[in-house]
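This report refers to the structure that appears directly beneath it.
As the structure is a computational prediction, the values presented were derived from the model and not from experiment.
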Amino acid sequence: MKKTILIIAAVSALFCSCKPAVQQPVKIADYLWEVTVDDYLTEVPNHLEKEMGAEFNCTAVRNGNYYGRNLDFFVSEVAELVIHTPAKDGRHAVVGVGRLFTKTDEDIAKGLSAQDMAVLPWGMMDGINDAGLFCNMNVTPYSDSGIPHTSPNPELPEVHCGFLLRCLLDNCATVDEAIEFVNSHNITGMKKGGFDLHFMIGDPQKTVVLEFIDNKPVFGEYNIMTNFLVNKLPELTPHADGIERYNIIEQNYDEGVTMEGMYNLLKRVRFSQCYDPETTPFWKSEYTGEESGRTIDCTLEEVLADPSVQKNIADFKNFKETGYYTREMGLWFTEHNSTYDIANKTLWVTIRENYDQRFIFSLK
């Protein structure tokens, strides 16, 4: 049986003899915790993929020494965690931001189990290691990437694409090493059957965007990534998700030459603006996709004539005023922003678009 990094097996038995004392996260603010995880699974249980899903958007950008990303997600009570993993057994030390996709503030306050802690590092969504390699993952419409994923390299060690970020940060020091890692593994797709993730990978000298197009890994030297396949530019994929965010970042790219500038550049594309009719241009690409039946060629009038779009706009306005929401509303915002100083391996984190507060962390 070939060696795999993603296994499909229950792991509860692994923890039956664990010590009762498990280092617990420290609360930094509402919806934000910090934790160090020394030992974690080298093989990922399948339940984490089911929790992770593929329903998040995002913006990522790198300019010189500064890199950042917004994680755009459903409004929920799920908390974010700044996760430290020390160097050990040949792996790099890493710091980044992630989540256990069902854990709220209340859940974490009650205490995480040994199993939670063993899989927590695999929930990292963006991070940097002690060599200055950084990475994050964003969603793309899997139908825009060509044929569905069919395991093009079954003879190679397997890595599920949802956990590729962790593997790269743990094992690679440079972009070139990350490219070699990808090319020497069989990267498998998400549960829908396709590659609906792409990755920004960078080191102090170089940045690439990794995408899977027509069942093959493609690396392009781009410094901006939202939710469409940038390696297909200047062509746009049918839905061009996030094209407005991409254009805003591109037009204001020179702001990102300082830590403060990069932070403010990403603030320009906080996701809640897709519900503001005064946003110019209105982010119509956020209302395209298979479910809507609209592609990027649709008109603004077509989007705004949709009762579900008008409901989203009204629901988000009410949410801002009262804090009331339900999961059924399907409201989104920027769950966290991470802005990284690559040379100093520090990051600023803002939670839930609360730009009056930001928290500073560094690699341990």
Side-chain angles (χ1 to χ4, degrees), residues 58-71 85 87 90-97 124-140 145 159 161 163-185 187 195 197-213 216-234 242 245-247 249-259 261-263 265-266 269 337-348 362-363:
C58 304
T59 301
V61 55
R62 190 263 177 89
N63 188 335
N65 184 52
Y66 303 99
Y67 148 74
R69 73 86 53 86
N70 291 344
L71 175 72
T85 53
R91 76 182 185 216
H92 292 278
V94 176
V95 63
V97 186
M124 187 173 283
M125 308 295 283
D126 53 82
I128 190 168
N129 71 16
D130 51 17
L133 184 81
F134 61 84
C135 186
N136 74 277
M137 53 186 168
N138 293 6
V139 164
T140 65
S145 64
V159 177
C161 67
F163 310 110
L164 178 60
L165 177 148
R166 179 84 248 169
C167 295
L168 297 180
L169 293 177
D170 278 353
N171 296 292
C172 304
T174 66
V175 168
D176 289 343
E177 287 185 13
I179 292 172
E180 175 59 27
F181 184 96
V182 171
N183 288 334
S184 61
H185 286 77
I187 313 300
F195 293 111
L197 292 175
H198 60 171
F199 301 81
M200 180 172 283
I201 309 166
D203 62 28
Q205 284 76 44
K206 185 177 181 180
T207 312
V208 297
V209 171
L210 162 64
E211 296 171 332
F212 298 90
I213 300 173
K216 298 176 182 177
V218 177
F219 297 89
E221 294 194 23
Y222 293 93
N223 290 320
I224 306 170
M225 181 176 80
T226 55
N227 300 112
F228 63 92
L229 297 172
V230 296
N231 282 296
K232 285 196 170 185
L233 288 174
R245 286 179 280 124
Y246 187 98
N247 290 338
I249 294 292
E250 187 175 49
Q251 291 160 11
N252 298 280
Y253 181 75
D254 289 346
E255 286 183 5
V257 295
T258 65
M259 191 72 158
M262 180 60 74
Y263 179 82
L265 180 59
L266 284 160
V269 289
N337 160 258
S338 302
T339 305
Y340 291 81
D341 179 323
I342 298 167
N344 293 306
K345 302 172 187 66
T346 57
L347 68 150
W348 295 354
S362 61
L363 184 77

*Would F181 and L164 satisfy side chain to side chain contact (heavy atoms under 4.5 Å, CB included), going step by step from the backbone distance to the final call?*
CA-CA 10 Å; F181 184 96; L164 178 60; 4.0 Å; yes

*Report the C-alpha distance between V97 and L347 in whole Å, list the side-chain angles of each, state the deciding distance to 0.1 Å, and finish with yes or no for side chain to side chain contact (heavy atoms under 4.5 Å, CB included).*
CA-CA 10 Å; V97 186; L347 68 150; 3.8 Å; yes

*Might you work through the side chain to side chain contact (heavy atoms under 4.5 Å, CB included) test for V230 and F228, ending with a clear yes or no?*
CA-CA 6 Å; V230 296; F228 63 92; 4.0 Å; yes

*Start with the C-alpha distance between L169 and M124, add both sets of side-chain angles, then the distance that settles side chain to side chain contact (heavy atoms under 4.5 Å, CB included), and finish with yes or no.*
CA-CA 10 Å; L169 293 177; M124 187 173 283; 4.0 Å; yes

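Not counting sequence neighbours, the partners of E250 by the side chain to side chain contact (heavy atoms under 4.5 Å, CB included) test are I224, Y246, N247. By the side chain to side chain contact (heavy atoms under 4.5 Å, CB included) test, E221 pairs with K206, V208, sequence neighbours left out. T207 meets the side chain to side chain contact (heavy atoms under 4.5 Å, CB included) test with R62, F134, M200, N223; sequence neighbours excluded. Under the side chain to side chain donor-acceptor pair (under 3.5 Å) criterion, Y66 pairs with no residue at all, not counting sequence neighbours. Applying the side chain to side chain donor-acceptor pair (under 3.5 Å) test to D170 and every residue at least two apart in sequence or in another chain returns Y40, R166. In this structure, the side chain to side chain contact (heavy atoms under 4.5 Å, CB included) partners of N65, at least two apart in sequence or on a different chain, are D341, I342, A343. Y340 is linked by a ring pair (Phe, Tyr, Trp, His ring centres under 6.0 Å) to Y67, counting only residues two or more places apart in sequence or in another chain. Here R69 pairs with D126 under the salt bridge (Lys or Arg N to Asp or Glu O under 4.0 Å) rule; sequence neighbours left out. Residues forming a side chain to side chain donor-acceptor pair (under 3.5 Å) with N183 (at least two apart in sequence, or on another chain): none. Applying the side chain to side chain donor-acceptor pair (under 3.5 Å) rule to N337 yields the partners N70, T339; only residues at least two apart in sequence or on another chain are considered.
Atom CZ of F212 and atom OG1 of T140 lie 10.0 Å apart (nearest 0.5 Å). The line from OG1 of T174 to CG of D203 is 6.0 Å long, rounded to the nearest 0.5 Å. Rounding to the nearest 0.5 Å places CD of E255 at 8.5 Å from CD1 of I249. Rounded to the nearest 0.5 angstrom, L229 CG and E211 CD are separated by 4.5 Å. We find the CG-CG distance between L210 and L168 to be 8.0 Å, quoted to the nearest 0.5 Å.
F199 approaches C135 most closely through the heavy-atom pair CD2-SG, 4.2 Å. Across H185 and V159, no two heavy atoms sit closer than the pair CD2-CG2, 3.6 Å. When all heavy atoms of L133 and V175 are compared, the pair lying nearest together is CD1-N, 3.8 Å. L266 approaches S338 most closely through the heavy-atom pair CD1-O, 4.3 Å. Nearest heavy atom pair, residue M262 against residue N63, reads CE-N, 3.7 Å. L363 and V95 make their closest contact through CD1-N, 3.5 Å (heavy atoms, listed as atom of the first residue, atom of the second, distance).
Proximity of a side-chain donor or acceptor of H198 to a complementary backbone N or O of T226 within less than 3.5 Å is detected.
No option in N231, N138, T59 other than N138 meets the side-chain contact (heavy atoms from CB on, under 4.5 Å) test with M225.
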